[in-house]
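Please read the structure below before turning to the comments.
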Amino acid sequence: MSQQAHPPFEAAEPETPNLDFAGTTPYEDYVKADVLTHLQHTLSDDPGEMVFLVTTQVMELWFTVIVHEWETAAQALRSDDVPTAIAALKRSVRELEALNASWKPLGQLTPAQFNSYRSALGEGSGFQSAMYRRLEFLLGEKSASMLVPHRGAPRVHAELEKALHEPSLNDEVVRLLARRGHEIPESVLRRDVSRRYEPADAVEAAWTAVYAGDESDELARLGEALTDVAELVWRWRNDHLVATRRAMGAKAGTGGSAGVAWLEKRARKNVFPELWTARSHV
């Protein structure tokens, strides 16, 4: 008996997405990809300059997102909304991980590779990044002199000046500790927030008490979220140091800084310092 032939199986044709739009695509309207992908104007003939430029631009975008998260966290702490603050800090941890991964394309530059387009940078330096400066201000690393490079850009200068005179994320954390019953002196609570934050024994004592208590307590969970942030900021600074040392040794930086020596000094600083020192007393 002959076997009955069956027609070949035909897969169902997937539905075709809408391809016909009156103007630009909704994706383009939202993401502005055409703008983003036409912002790369290299200044040398070296093919390696493109990855340096794009990676730097990507870093600026991550700075922008992280500043948004930390401003959200600071505002939430001001309103005693610790869960919202923790959620924003946890998001920023993932964003910091992505930011730190930006060093991967640059981390193995040889001096010859970097020198092939370094002259195109002129006096340009990441030290001059206004968004990174806002990020540092939120961590309590304040300095009015850091506004000077931006005097020629009124909008940017105004945003930095506003950030300089607002309480940092660190200040809002300390004020929350005081409102939760920890003895923080007025000299700390009413300090000039436009100046660099300096560690205080009373804040260290407050975190010691928090960590000696219930680990599931809201403040303890906030402390761990802040510690995660602090650790990744430290890693960012160290990765920057290693990448710079590998690419240019101990030469002066493009913006006139001391280069590696400056970065080494920055890498030794702890963010949220009392969170680290308090651990020795628990």
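Just so we're clear, the structure is a prediction, and the values are computed from it rather than from any experiment.
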Practice prompt. Please report the shortest heavy-atom distance between S194 and D192, naming the atom on each side.
Written response: OG-OD1, 2.7 Å
Worksheet item: Are W276 and W236 linked, directly or through other ILVMFWY residues, by side chains that come within less than 4.5 angstrom of each other?
Response: no
Worksheet entry | For the student: nearest non-hydrogen atoms of E274 and E198, plus distance | OE2-O, 4.3 Å
Practice prompt. Ignoring hydrogens and angles, tell me if any N or O in the side chain of R190 forms a donor-acceptor pair with the backbone of P185 under 3.5 Å.
Written response: no
Worksheet entry | Rounded distance [0.5 Å steps], CG in L169 versus CD in E71 | 10.0 Å
Worksheet item: Linking I/L/V/M/F/W/Y whenever their side-chain heavy atoms sit closer than 4.5 Å, directly or via other members, would L226 and V282 fall into one cluster?
Response: yes
Item to complete: Would you indicate whether the side-chain heavy atoms of E215 and E224 approach each other to under 4.5 Å?
Response: no
Worksheet item: Minimum heavy-atom separation for A85 to A73, with atom names?
Response: CB-O, 3.7 Å
Worksheet item: Distance from N238 atom CG to H240 atom NE2, nearest 0.5 Å?
Response: 11.5 Å
Item to complete: Mark yes when over 12 heavy atoms from residues, nucleotides or ligands other than D80 sit less than 6.0 Å from its CG; otherwise mark no.
Response: yes
Worksheet, complete the sentence: So CD of E159 and CG of L164: to nearest 0.5 Å the spacing works out to 13.5 Å
Response to the item:
Looking only at heavy atoms, the pair that brings E172 and A74 closest together is CG-O, 3.8 Å
Discussion item. Measuring only between side-chain heavy atoms, which start at C-beta, is Q57 closer than 4.5 Å to L53?
Written reply: yes
Worksheet item: Can you tell me how far CD of E95 sits from CG of L89, rounded to the nearest 0.5 angstrom?
Response: 10.5 Å
Response to the item:
Hits for side-chain hydrogen bond (donor to acceptor under 3.5 Å, both in side chains) against T208, two or more places apart or cross-chain, chain-then-number order -> none
Fill in: Backbone of L147 reached by a side-chain donor or acceptor of E161 within 3.5 Å
no
Worksheet item: Does the pair E69/R94 count as a salt bridge with the N-to-O cut at 4.0 Å?
Response: no
Worksheet item: What's the verdict on side-chain contact (heavy atoms from CB on, under 4.5 Å) for F127 and M146, showing C-alpha distance, side-chain angles and the deciding distance?
Response: CA-CA 9 Å; F127 178 78; M146 294 296 100; 3.8 Å; yes
Fill in: Over 12 foreign heavy atoms within 6.0 Å of CG, D45
no
Worksheet entry | Under the ring-ring contact (aromatic ring centres under 6.0 Å, His included) test, residues paired with Y211 that sit two or more places apart | none
Worksheet item: Side chains of K269 and R196: closer than 4.5 Å at any heavy-atom pair?
Response: yes
Practice prompt. Look only at the side chain of S79 and the backbone of D81, and say whether a donor-acceptor pair between them is shorter than 3.5 Å.
Written response: no
Fill in: From D20 atom CG to T25 atom OG1, the distance as rounded to the nearest 0.5 Å
12.0 Å
Worksheet item: Quick one: does E28's side chain have a donor or acceptor within less than 3.5 Å of a partner on A33's backbone?
Response: yes
Discussion item. Within the 4.5 Å heavy-atom criterion, are H182 and L219 side-chain neighbours or not?
Written reply: yes
Worksheet item: To the nearest 0.5 Å, what is the distance between CG (L77) and CD1 (I86)?
Response: 8.5 Å
Worksheet item: Passes side-chain contact (heavy atoms from CB on, under 4.5 Å), T227 versus R279? Steps please.
Response: CA-CA 11 Å; T227 304; R279 294 167 194 272; 2.8 Å; yes
Worksheet entry | Within 6.0 Å of CD in E183, more than 12 heavy atoms from elsewhere | no
Worksheet item: What closest approach, in Å, do V156 and A130 show between heavy atoms, and which atom pair accounts for it?
Response: CG1-CB, 3.3 Å
Discussion item. Under the criterion side-chain contact (heavy atoms from CB on, under 4.5 Å), I'd like the reasoning laid out for L177 against R180: C-alpha separation, chi angles, the key distance, then a yes or no.
Written reply: CA-CA 5 Å; L177 289 171; R180 293 295 175 92; 5.8 Å; no
Discussion item. I'd like to know if V193 and V173 are part of one continuous hydrophobic network [Ile/Leu/Val/Met/Phe/Trp/Tyr, side-chain heavy atoms within less than 4.5 Å].
Written reply: no
Item to complete: Find out whether V229 and W70 are in side-chain contact, i.e. whether some heavy atom of one side chain is under 4.5 Å from a heavy atom of the other.
Response: yes
Contacts table for residues 103-112: side-chain donor-acceptor under 3.5 angstrom, sequence neighbours left out:
residue	atom	partner	partner atom	Å
T110	OG1	Q113	N	3.1
T110	OG1	Q113	OE1	3.4

Worksheet entry | Test side-chain contact (heavy atoms from CB on, under 4.5 Å) applied to S129 and F63, step by step | CA-CA 10 Å; S129 166; F63 295 158; 3.9 Å; yes
Worksheet entry | Heavy-atom closest contact (S116 atom, D46 atom, distance) | OG-OD2, 2.9 Å
Worksheet item: Would a distance-only check, ignoring hydrogens and angles, find a side-chain to backbone donor-acceptor pair under 3.5 Å from D217 to V210?
Response: no
Item to complete: Ignoring hydrogens and angles, tell me if any N or O in the side chain of R151 forms a donor-acceptor pair with the backbone of V148 under 3.5 Å.
Response: yes
Fill in: Donor-acceptor contact present, side-chain K90 to main-chain A225, <3.5 Å
no
Discussion item. Between L61 and M59, is there shared hydrophobic-cluster membership here, with clusters defined by ILVMFWY side-chain heavy atoms closer than 4.5 Å?
Written reply: no
Discussion item. Quick check: is W234 connected to V242 through a chain of hydrophobic side chains (ILVMFWY, heavy atoms under 4.5 Å apart)?
Written reply: no
Discussion item. Do R191 and D171 make a side-chain contact, defined as non-hydrogen atoms from C-beta onward lying under 4.5 Å apart?
Written reply: yes
Worksheet item: Does some side-chain heavy atom of I66 sit less than 4.5 Å from a side-chain heavy atom of L138?
Response: no
Worksheet item: Counting N and O atoms only, with roles assigned by atom type, does the side chain of T64 sit under 3.5 Å from a partner on the main chain of E60, one being a donor and the other an acceptor?
Response: yes
Discussion item. A side-chain contact here means heavy atoms from C-beta on lying under 4.5 Å apart; do T24 and D34 qualify?
Written reply: no
